[in-house]
Protein chains: 4
Amino acid sequence: MHIAAKSQHDTTADTIIDAASEVFADKGYEGARVDELARAAGVNKATLYYQIGDKEAVYHAVITRVLARTADEVCAAVAEVDECEEKIRRFINIFARNAGNMRYAAPIMLREVASGGRNLPESAIAEMGRLLGALGEALREGERSGLFRPVNEFMVHMMIVGSLMLYSANEPIRRRNAERHPEIYNEQHFISNEEAGEQVTDLVLAAIANNKQ
Amino acid sequence: MHIAAKSQHDTTADTIIDAASEVFADKGYEGARVDELARAAGVNKATLYYQIGDKEAVYHAVITRVLARTADEVCAAVAEVDECEEKIRRFINIFARNAGNMRYAAPIMLREVASGGRNLPESAIAEMGRLLGALGEALREGERSGLFRPVNEFMVHMMIVGSLMLYSANEPIRRRNAERHPEIYNEQHFISNEEAGEQVTDLVLAAIANNKQ
Amino acid sequence: MHIAAKSQHDTTADTIIDAASEVFADKGYEGARVDELARAAGVNKATLYYQIGDKEAVYHAVITRVLARTADEVCAAVAEVDECEEKIRRFINIFARNAGNMRYAAPIMLREVASGGRNLPESAIAEMGRLLGALGEALREGERSGLFRPVNEFMVHMMIVGSLMLYSANEPIRRRNAERHPEIYNEQHFISNEEAGEQVTDLVLAAIANNKQ
Amino acid sequence: MHIAAKSQHDTTADTIIDAASEVFADKGYEGARVDELARAAGVNKATLYYQIGDKEAVYHAVITRVLARTADEVCAAVAEVDECEEKIRRFINIFARNAGNMRYAAPIMLREVASGGRNLPESAIAEMGRLLGALGEALREGERSGLFRPVNEFMVHMMIVGSLMLYSANEPIRRRNAERHPEIYNEQHFISNEEAGEQVTDLVLAAIANNKQ
DNA sequence: TATGAATGAGTGTTCATTCAT
DNA sequence: GATGAATGAACACTCATTCAT
């Protein structure tokens, strides 16, 4: 079994988008500098323009890719299992990862939400629909089977995504806060993202469980 | 003859900070322009510098005020009642409001989280501690009384704050999405912020309820 | 009679437009650099933007002023006399000057003509109408009085303006040509602009004279 | 076996120069983009460099060709007839055409004049001499024969060339002006280039006619 | 205290040119 | 010969900040 010759002949455009994902995640659209995007990708600034276009085009490429990958990962994971509770577990698990693609998705989406989606391209909209759909299906299935109680699907979505994106993204703030106020912070605040996912799973499943016999 | 009690204690600095709250909430730190801050406050740009200082100083003033007010509102509301379930209700209720001070708090904090709190002043840290404390106390009290089960306090905090800030801030995105994909969106996605608060209350209380008799 | 305290308190904007007239006349719109415009005016580039606007706005200000002055000079000179032949003389005399305002008018207008007036602002159009009107009136008057024969006014206009703008503007080329081909060039090619004006006057008056007794 | 007489002697370089003539005529040297020159010629940008050289080399090739053709056309037309008045007619007729080669000659030369011939290559100088010579000969011949009066040859040259280049090139401006100020413009302003040539012929011959018996 | 004007240091973008294939 | 890709050097324009009044 070969480890995959992946990213062996990544095109220049791919290299740029990869590097830009990191920069935009870190600095935001307005805070990122085109010079920085180019430097991070190891290409000349003019090459960036030649390959992709202006700053906005690079951003769109980044957000499109990040959201598409997120939706792909979620849909694939959810589709792998039949049981609706397991679907929820997997859905949450994807969002709990603060590595790879997800490392960029959280900060980018938080900022997009904050600015009313001013820079969200059309393509992004569709991907968000896929995410919503994957969760909604699981919830409706569980409701039909009597496992879950009827709830506002979208609010459950907000809860999962909101809590996990917030938790993973605010790590630097937590660390700073803990330094200043060690009396308030304890090990509860510094569980791994995987553990955070498990906690959220536990809370969410309890929240939607159908306790009526 | 008194000069009129006009602008009683709305100093120029206050006017500037109020206007800046709106601009920073809308555009973010990097996206806001000093010209815009001055124009929004109806003062000359040099006056802004004279009264408060540079862009960063204005931002710090804004975030300090917004967080202080949020913590004040939460603490006051929670302190008014004794019952721990009611404390939770009130805590959530504050965050569910997307008006007044809260209108600025959500986008500003989402962006701060996204950027690792790069621009958070020291003062902000303390206010966040007060918020955490108010919720934690209620949870611990409920746990002691057997009403709530033991949970990761911080994760519950993330859930409440994350879901409500996400819901209230992403309204423009939902509207756009709904226009493009009417088949996915329904009235569940467009409940008022107050109703959203009630949904979250319901879900959270179910999530932490101690069902073991 | 005081020599006029003119240009004593020229505004910054005026200084910029004056300097820009020279640069645009010399280099053309595309050839001029904004840095150069600022340097020529002795102001910071940002001041130029603050006072007037972008490159196009500066160009419009220049062309508007240059054409307005040209039309003013022509109309004033023509209005001073009653006799139609004298009006023609004066009209030509203005265009023959390659100094002051006229030094800029010729190259700027030649380039505008060459590019189909792509950058001509609306205001310029009106000034060109005033010029046309001044000459046309004189020609029609002369025709009525039997002094001039009926001719295509506009073509006479083209002749006067074309020959004089061409002559005054192509001096550097003539000088270069004369250096390379001294056998072709003689003193006829290097008369002063005033003399050139007289030659054109002589030729034009002969061209339109009514020789029929 | 010959590879077919395809594109008989329209080499790639020729194609490029033809296309470049149009672009430079339209936009000027500074306004033209190398990308545009290549696209207009239907070749790759690097091919343009390989075939001709840098932007300046392309421009020189264009101006050299355009001036050479103009001089060729003028000299051939003038040489075809003996009578000096007819020579003048033909000289003017060439310049009156706003088609083919002449379509490029007028705007290119107007801009060159405006910029003091900054980009004129040596070769261009010689061609201009040929033009001057052709007209001068006709004028001197007419003067000797008593048909024309003594005039400044060069000024007559300026008149002919100036009026015709100005008229043909400023058509777009006339059209725009006429739209805005229909009261000033009439059919006199919109005669064909051929008619304009006849008008100029009429005026010039009247201007230089020897009326002394 | 308030402000119009001025400015140094960026900041996104373009362009002529070169290079590897 | 021909071309897609790459790039250094400009270039137009912006922005946070300061200063004279």
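- Contact between the side-chain N/O atoms of A/Y50 and the OP1/OP2 oxygens of F/dA6 is not found at any separation under 4.0 Å.
- The backbone N or O of C/A124 lies less than 3.5 Å from no partner atom in the side chain of C/H60, so there is not a single donor-acceptor pair.
- A salt bridge does not link B/R118 with B/E112: every distance from a Lys NZ or Arg NE/NH1/NH2 to an Asp or Glu carboxylate oxygen is 4.0 Å or more.
- Heavy-atom nearest nucleotides on DNA chain E were determined for C/T12 and for B/T47, and the one closer to the 5' end corresponds to B/T47.
- Salt-bridge annotation for C/K27 and C/E36: present, with a side-chain N of the basic residue lying under 4.0 Å from a carboxylate O of the acidic one.
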ask   = Between B/Q51 and B/T11, does a side chain to side chain contact (heavy atoms under 4.5 Å, CB included) hold up when you go through it step by step?
value = CA-CA 10 Å; B/Q51 287 286 348; B/T11 66; over 6 Å; no
Polar-atom pairs under 3.5 Å, protein N or O versus N or O of nucleotides 18-21 of chain E: list them with distances, or write none.
none

query = Between D/D35 and D/K45, does a side chain to side chain contact (heavy atoms under 4.5 Å, CB included) hold up when you go through it step by step?
reply = CA-CA 6 Å; D/D35 279 277; D/K45 203 178 6 169; 3.4 Å; yes
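- Under the 3.5 Å distance criterion, with hydrogens and angles disregarded, a donor-acceptor pair is assigned to the side chains of A/N101 and A/T70.
- Between A/I52 atom CD1 and F/dA6 atom P there is a gap of 11 Å when expressed in whole angstrom units.
- Summarising the geometry, the separation between NZ on B/K55 and C1' on E/dG10 is reported as 13 Å, rounded to the nearest angstrom.
- End-to-end axis angle of the helix from E/dA2-F/dT21 to E/dT21-F/dA2, using five pairs per end and rounding to 10°, comes to 10°.
- Checked against side chain to side chain donor-acceptor pair (under 3.5 Å), A/R65 has the following partners two or more places apart in sequence or in another chain: A/D14, A/D18.
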key: Derivation and outcome, side chain to side chain contact (heavy atoms under 4.5 Å, CB included), residues C/R39 and C/V23   = CA-CA 10 Å; C/R39 194 165 359 96; C/V23 175; over 6 Å; no
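- For the segment residues 26-44 of chain B, the set of residues with a heavy atom within less than 4.0 Å of an atom of DNA chain E comprises B/N44, in numerical order.
- Judged purely by atom type and a 3.5 angstrom limit, A/R176 uses its side chain to pair as donor or acceptor with the backbone of B/L120.
- Taking atom CG of residue A/L48 and atom P of nucleotide F/dA5, one finds them 15 Å apart after rounding to whole Å.
- Partners of B/K55 according to the side chain to side chain donor-acceptor pair (under 3.5 Å) rule, which considers only residues two or more places apart in sequence or in another chain, do not exist here.
- Comparing C/G53 and D/Q51 against DNA chain F, the residue whose closest nucleotide sits nearer the 5' end is D/Q51.
- Every ring pair (Phe, Tyr, Trp, His ring centres under 6.0 Å) that B/Y59 has, sequence neighbours left out, goes to B/F24, B/Y29.
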